[in-house]
Amino acid sequence: MIKVGDTLPEVTLMEYSEVEGEGCSIGPNPVKVAEATKGKTIALFALPGAFTPTCSAKHVPGYVEKFNELKGAGVDEIWCVSVNDAFVMGAWAREQNSAGKVRMLADGSGEFAKATGLTLDLTARGMGVRSNRYSMLVKDGKVAALNVEAPGKFEVSDAGTMLSQARG
């Protein structure tokens, strides 16, 4: 499992864009993790799935709500990563009103989850292998803080915990 001090894996996530801008076309666009984190502080959180109860009711809304505070604490970008396709993440972004605040990044094949060692096997529930629920503070591509949830819990990967670590 990835740990504090490690560099994030060099994988490509996908981000759905509804409007053209900054070199991004409408539709899914690749986000190369190594390039996208270079020289930036990222509040990254990951979760088992878009539109799932805890993720939709608590996890994403907390980061949207604390956007200004996180920016004030030195966070350049907030990323939500999930093992879903870019179209689903785009629809979820609309539903969560996260535009301009939280980048909803698709890890469609679970490559990021596998490379970090933070997978969650939900095959018995019909969801396949997903991402575990966690958050990490990333500085210039390296993990500065890591908060991995116990199975079925939502206690340490919330926006409030991330904010205290960003201010730390």
task = Could you tell me the separation between the CZ atom of Phe112 and the OG atom of Ser131, rounded to the nearest 0.5 Å?
result = 8.0 Å
ask   = At their closest point, which heavy atom of Val83 faces which heavy atom of Gly108, and how far apart are they?
value = CG1-O, 3.9 Å
ask   = Could you state the interatomic distance from NZ (Lys142) to CG (Leu137), rounded to the nearest 0.5 Å?
value = 14.0 Å
task = Applying side chain to side chain contact (heavy atoms under 4.5 Å, CB included), run through Met162 and Leu44 and close with a yes or a no.
result = CA-CA 9 Å; Met162 178 58 61; Leu44 184 156; over 6 Å; no
Spacing of CG belonging to Asp140 relative to CG belonging to Asp76, to within rounding of 0.5 Å = 10.5 Å
remark   = Applied to residues 43-62, the salt bridge (charged side-chain N to carboxylate O under 4.0 Å, His left out) test, sequence neighbours excluded, yields none
message = Under the salt bridge (charged side-chain N to carboxylate O under 4.0 Å, His left out) definition, can you give me all pairs with a residue in residues 30-49, not counting sequence neighbours?
response = Lys40-Glu77
query = For Gly74 and Thr41, which heavy atoms make the closest approach, and how far apart are they?
reply = O-CB, 3.4 Å
note = Here the gap from Phe154 atom CZ to Arg133 atom CZ, rounded to the nearest 0.5 Å, amounts to 6.5 Å
message = How close do Val102 and Trp79 get, counting heavy atoms only, and between which atoms?
response = CG1-C, 4.4 Å
remark   = ring-ring contact (aromatic ring centres under 6.0 Å, His included) pairs touching residues 126-148, sequence neighbours excluded, are none
ask   = Under a 4.5 Å side-chain heavy-atom rule over Ile, Leu, Val, Met, Phe, Trp and Tyr, are Val64 and Val88 clustered together?
value = yes
query = Any donor-acceptor pair under 3.5 Å linking the side chain of Glu155 with the backbone of Glu149?
reply = no
message = side chain to side chain contact (heavy atoms under 4.5 Å, CB included) for Trp92 and Ser56? Distances and angles first, verdict last.
response = CA-CA 9 Å; Trp92 198 32; Ser56 291; 3.0 Å; yes
task = Could you tell me which non-hydrogen atom of Ala36 sits nearest to which non-hydrogen atom of Val31, and how far apart they are?
result = CB-CG1, 3.7 Å
note = Of all heavy-atom pairs linking Pro28 and Met14, the shortest is CB-CE, 3.7 Å
ask   = Donor-acceptor pair, Tyr16 side chain versus Ile26 backbone, under 3.5 Å?
value = no
ILVMFWY cluster, Phe51 and Val129 together (side-chain gap under 4.5 Å) = no
message = Between Leu8 and Ile2, does the side chain to side chain contact (heavy atoms under 4.5 Å, CB included) criterion hold? Intermediate values first, please.
response = CA-CA 8 Å; Leu8 290 183; Ile2 199 166; 4.0 Å; yes
ask   = Cluster question for you: counting only ILVMFWY and a side-chain heavy-atom cut-off of under 4.5 Å, with indirect links fine, are Ile78 and Leu163 together?
value = yes
inquiry  = Is there a path of hydrophobic side-chain contacts, each under 4.5 Å between heavy atoms, that joins Leu13 and Met104?
reply    = no
request  = Give the C-alpha distance, both sets of side-chain angles, the deciding distance and a yes or no for side chain to side chain contact (heavy atoms under 4.5 Å, CB included) between Phe45 and Val60.
outcome  = CA-CA 9 Å; Phe45 66 104; Val60 174; 4.0 Å; yes
ask   = Is it the case that one hydrophobic cluster holds both Leu118 and Val156, taking links as side-chain heavy atoms less than 4.5 Å apart, direct or via other members?
value = no
note = Value for OG1 (Thr116) from CG (Asp107), rounded to nearest 0.5 Å, stands at 8.0 Å
task = Answer yes or no: is there a side-chain heavy-atom contact under 4.5 Å between Leu47 and Arg130?
result = no
query = If every non-hydrogen atom of Ala144 is compared with every non-hydrogen atom of Val4, which pair is closest and at what distance?
reply = O-CG1, 3.7 Å
task = Please indicate whether Glu10 has more than 12 foreign heavy atoms, meaning atoms of other residues, nucleotides or ligands, lying under 6.0 Å from its CD.
result = no
key: Interatomic distance, Met89 atom CE to Cys80 atom SG [nearest 0.5 angstrom]   = 4.0 Å
ask   = Side chain of Asn68, backbone of Lys66: donor and acceptor closer than 3.5 Å?
value = no
